[in-house]
Structure formats: C-alpha cells, structure tokens
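In what follows, chains carry the letters A, B, and so on, assigned in the order in which the sequence lines appear, proteins first and then strands, with residues in each chain numbered from 1.
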There are 2 protein chains.
Amino acid sequence: MADSIALDPVDLHILRLLQNDSRTTYRELAAEVGVAPSTCLDRVARLRRSGVILGHQLRLDPARLGRGLEALLSVQVRPHRRELIGPFVERIRTLPESRALFHLTGPDDYLVHVAVTGTADLQRLVLDEFTSRREVARVETRLIFQQWECGPLLPPPAESAESGH
Amino acid sequence: MADSIALDPVDLHILRLLQNDSRTTYRELAAEVGVAPSTCLDRVARLRRSGVILGHQLRLDPARLGRGLEALLSVQVRPHRRELIGPFVERIRTLPESRALFHLTGPDDYLVHVAVTGTADLQRLVLDEFTSRREVARVETRLIFQQWECGPLLPPPAESAESGH
DNA sequence: ACTGAAACCGGTTTGAC
DNA sequence: GTCAAACCGGTTTCAGT
C-alpha cells in the first residue's frame, strides 16, 4: 500500500491548481494546463482512484465560528499500552474542540490541536477531558499566536525517494 | 475583525455537510436541509463573504506523493525579534516539505509540520534548513506515527462566547 | 425564501492519433 | 492507450415574486 504514483507534469499542474481551489472547473483546469477538459476529468478520476486525492474539504475560520483561541496540548499517556490509548484517542478525536491529533515519538505521546472560545474554555477542556483521565500522566499547553498553512503538497522533485534497499 | 457571525440552524447544517464533502451539490444540500437550492447558494455565498468559509481545498495523501514520513519540528529562534523571525517564517513556510507552521507560546517558539521522503530527507532538511540558520538555537524532531483530522469545526453550543463587548 | 428559466458544467461517448 | 471534440443530463445562477 501507499506506493508512490508516477505523476506527469499535467497531473502536478492539476493538483497544484486544485489545492488552491478544489472547485476549479475542469474547463478552467483544461484552459490553464493546456489540455482538453475530458483529459482533466480522466486525470482527476485516476488520482482519486489511486488514492492521491483523499477528498474535498471546506476550510473554515475558527475565529469566525466563535473559537478565537487555539492551542497545542502535549500529552503523556501512561502506561502507553493499546488498552489505554485506544479509548483515549477515540475520546479526544471526537471532542468538538479537537482539530487534529498526532501520535508521536518522543517523551510526549500525543499532540492535540484544539480551538476554543477562550482561556476559560481551554482550562475547562484541560481539566475535564485530559488531566481528569487516569491514563493521562502529563499535559503541557501552548497557545498558538499565529499559524500558516504551507504551499501545495507536491512529490519530491527527483527520483531520490526509491533507492530500494 | 474576526467577529463571531450569527449562524442559524440552516447555516450550521450546510457547514456540517460541506465539511464532509465540499463538492456536495446545492440540490443535495437543499434536500438534506429542507430549503430551496437557491437558498443554499445564498447562504454559502454569505458565509464566504463573511469569512467563515475560507475556501475549498483538496486533501492529498502525502504517502502517495512519495512523502511517506511526517514529523514535527520544535524550533527555538533566538533572539526572538521581528527582524529574525520574519525571514525565518517566510523561508520555512515556503519549503516544499512544510505542511503547517505554528508560532507558539512556551520555550519552543515554532512548531513545523513536515512531510519528507524518509529519514535521510528529514536529516537533510533539519541540517540544511534549520540548524544551519544562525537564528535557530535548537531543533527537536519528533516523528508522527499516526494522525487524525478531527470532526467538523462548529461554533460552541451555547452563547457563552459573546457577553457583549 | 421560493420559482423557474437560461447559462454553465460534469461525465460519457465517440472518434482521431 | 491517450487525448480531443461532441453531446446530454444535471447543476448553478439570476431574474422576478
């Protein structure tokens, strides 16, 4: 699974455009890339089938939705065993405040990206959903001043990835 | 700026549906929500104008694009002054390996989410783009075992956010 | 906020290379 | 096998109400 797909310049151009605005029409895509609309359609369908394209998502502004404060919580779960981390992950990832959850190497096992209404809401969240859990050994909270989503995700420039050992 | 917008149940229903699949047609939206398609169009246009909806984005699988390893880099930038952090942010956020960048409170000033081809690529990135920079005082690298995007981002349930400014 | 009509688009078919 | 052109049914969009 997860084999890297061979992508030609047309595929890359299409992906770049769709990452800016996933509702770009096939006609616009075609005009921009310099191929026929049906070709764009074929390419996108292939990219969907091959799993490169996971889906189309709406990006919302948390602040405009009344969640003006975001934070990252580093969490130690001890003991770090499947019986404990399964329910923990399931609970945390379904909290309305959670935006993303990472399972990491290093001393802190999880990083949780949350969006809350303010510091009072954040305090409540930390106390009621994290430190109150028996398996949570430590929580470290860092506020997010500012965040940037980075440029389009593209394959590495050369074929350096596969030197098959 | 970033005032919280008054959203009625129709808006919320539409947002929830579009977060699952931002290409849902206005017709489907209308059928699901129980209003006319043109009403959905009006609502979405308003949400776009008011800034709640930032855009429509394609979600890609980094692994299928040859970037099978992801990591979080915690970075200290010293001295932490505008003249230093401006160029640093600009450089890091435009790296093809960068997926997201956070400016944080706490001892580590920045967190960078990167996607690379493998450990060799990660080592190169850390050495060439981070520790080689004069203003970077410390870099801590943690690998991502697994990550989850969390449920739809919605406004907090009650009117606790706005107690009139 | 709904209706309806016209412009537009997605996706299939067909045909050329 | 891949791309381009034609085509149809569905979608978006904009009047008017």
- Task: Could you state the atom-to-atom distance from CG of A:Asp42 to P of D:dA5 in whole Å?
- Result: 14 Å

- Does B:Arg43 place a side-chain N or O at less than 4.0 Å from the phosphate oxygens OP1/OP2 of C:dA1? yes

- Query: Which of these, A:Asp11, A:Leu12, A:Ile14, sits in a side chain to side chain contact (heavy atoms under 4.5 Å, CB included) with A:Val33?
  - Reply: A:Ile14

- Task: Quickly, which of A:Thr39, A:Thr24, A:Val35 forms a side chain to side chain contact (heavy atoms under 4.5 Å, CB included) with A:Leu29? Name it, please.
- Result: A:Thr24

Taking N or O atoms only and anything under 3.5 Å, show me the protein contacts with nucleotides 10-13 of chain D, one pair per line.
residue : atom : partner : partner atom : Å
D:dT11  : OP2  : B:Arg27 : NE           : 3.4
D:dT11  : OP2  : B:Arg27 : NH1          : 3.2
D:dT12  : OP2  : B:Tyr26 : N            : 2.7

- Task: Please lay out, stage by stage, how A:Arg124 and A:Glu97 fare under the test salt bridge (charged side-chain N to carboxylate O under 4.0 Å, His left out).
- Result: CA-CA 11 Å; A:Arg124 177 195 58 75; A:Glu97 290 85 0; 2.8 Å; yes

- Message: Does either side chain, that of B:Ser74 or that of B:Arg142, offer a donor lying less than 3.5 Å from an acceptor on the other one?
- Response: yes

- Message: Pair A:His113, B:Phe102 - check ring-ring contact (aromatic ring centres under 6.0 Å, His included), show working.
- Response: CA-CA 11 Å; A:His113 178 182; B:Phe102 299 88; 5.3 Å; yes

